[in-house]
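Read through the structure below, which is laid out as structure tokens, and then see the notes.
Atoms considered below: every heavy atom in the structure, side chains included; atoms not considered: hydrogens, waters and symmetry mates.
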Amino acid sequence: MTGLTADPLDLAALIAAVSDPENGGLTSFLGCIRREDAIRPVIAIEYEAYEELTETELAAVAAEATSRFGAHVACMHRSGRVEVGEPSVAVAVSAPHRSAAFAACRYVIDELKVRAPIWKRMHYADGATEWIDGRDRVADRRPA
Amino acid sequence: MTGLTADPLDLAALIAAVSDPENGGLTSFLGCIRREDAIRPVIAIEYEAYEELTETELAAVAAEATSRFGAHVACMHRSGRVEVGEPSVAVAVSAPHRSAAFAACRYVIDELKVRAPIWKRMHYADGATEWIDGRDRVADRRPA
Amino acid sequence: MASPISVTVRLFASLREAAGASRMTLSVPHATPVGALWSHLPEGISAGEPPAALRYALNHEWTLPGAPLRDGDEVAFVLPVSGG
Amino acid sequence: MASPISVTVRLFASLREAAGASRMTLSVPHATPVGALWSHLPEGISAGEPPAALRYALNHEWTLPGAPLRDGDEVAFVLPVSGG
């Protein structure tokens, strides 16, 4: 179970997908939208993905973790708007023991952060929006 | 939220307990009963805890993780009988970023495994039972 | 000039908004390297140099700037990501 | 012998089953060190030497074998654990 979804993430479904009576360790991770009060308060983040390549990369990362750590892996990333406090990415991993489960879970989240072509558009409490895509702000002057 | 329960573990409740809009990383761990087909198939494990000291140690470990990793921590351990595939321990941790969340979650599970005075009685598929408490099998001849 | 070929460019995030479209067709010389494609974007969209960490995908697979383009290829400008 | 004191011993897992009870009261000399208490258990329960990694709790707090006992204390024999 890997890929993109426009629906709220369902960690329980990911956990069910990786459960295995031979696997004693099940580690999961939720990446949630931070309000970042101290910096510039956020109300939501909008995710835009290059869908085809994201699906391929999430599947590849999961397969690598499976072969490398002997783990079952489920990993879903949100597209569309996600409110503060809500998860934008969910990873669930099971393995015979906890060391492999933790290592595999960490591997998946670290790799997808780099390899999944997904961009964030910040929606700030002050009404401004901003794409986080490495380009300077000139592009924001154009009406959304 | 730390302590013992005789009820099935509710990871969603632990996750809700540690959620915080300022915390972007939420890591959880479930320790599940392994069937261990290849060794000696298990059907269930019965947990007996020295309750007072377990409650104190779980709270202490959680407090240490909170101060050391700046994390919110929830950790529950099962008492009584747990079937294969079911979780006997659940940890949920949130922190501003994933590194602290993973480190804190790992800290809690590693520490509680050593410090919580809890013992396992294995219930094997072949009908035998066995306490895992460091004493040789003489004690098992006595009827349960 | 080598006979022109037509390639599709996938645009995301602020590029998509600048262009008002998620796809564009560009006509470029045959075998133009992927890394040269940015300069063919209209100035109103590219707004100058590409970001340092720009990556490319060719027909939905990661590619390197030197890969030569063929007619009908689809290139994605993978701007620095910030997912998760 | 120093005047005897009465202490409660908490028994868990296979010890509890051997004793058929989770608590026992033992009468020992005043200031007996916690680590000496095991030998006061009836042979039918202790079944020989304590496990190597035996730990002790005194009134619900971790303690060391040398801690002297006082009347009314509660000691737990914390057998090697296998929780989680």
Nearest heavy-atom contact between F29(B) and G24(A) is CZ-O, 4.4 Å

Smallest heavy-atom separation, V84(B) atom then P21(A) atom, equals CG1-CB, 3.8 Å

If one checks every heavy atom of D37(A) against chain B at 4.5 Å, the contacting part turns out to be both

So, the part of S19(A) with a heavy atom under 4.5 Å from chain B: the answer is neither

Region of [X] in contact with chain A, defined by heavy-atom distances below 4.5 Å:
X	value
D20(B)	neither
P96(B)	both
S94(B)	neither

Would you mind reporting whether R98(A) and D110(B) have side-chain heavy atoms less than 4.5 Å apart?
yes

Per-residue tally against chain A (heavy atom, under 4.5 Å) across C105(B), A101(B), A92(B) peaks at C105(B)

Greatest number of non-hydrogen atom pairs under 4.5 angstrom with chain A, of S28(B), G85(B), A38(B), falls to S28(B)

Rounded to the nearest 0.5 angstrom, the CG-CD1 distance for L30(B) and I15(A) is 5.5 Å

Measure from the side-chain N and O atoms of E36(A) to the backbone N and O of E22(B), and report whether any donor-acceptor pair falls under 3.5 Å. no

Surrounding CD of E83(A) (heavy atoms of other residues, nucleotides or ligands, distance under 6.0 Å), is the total greater than 12? yes

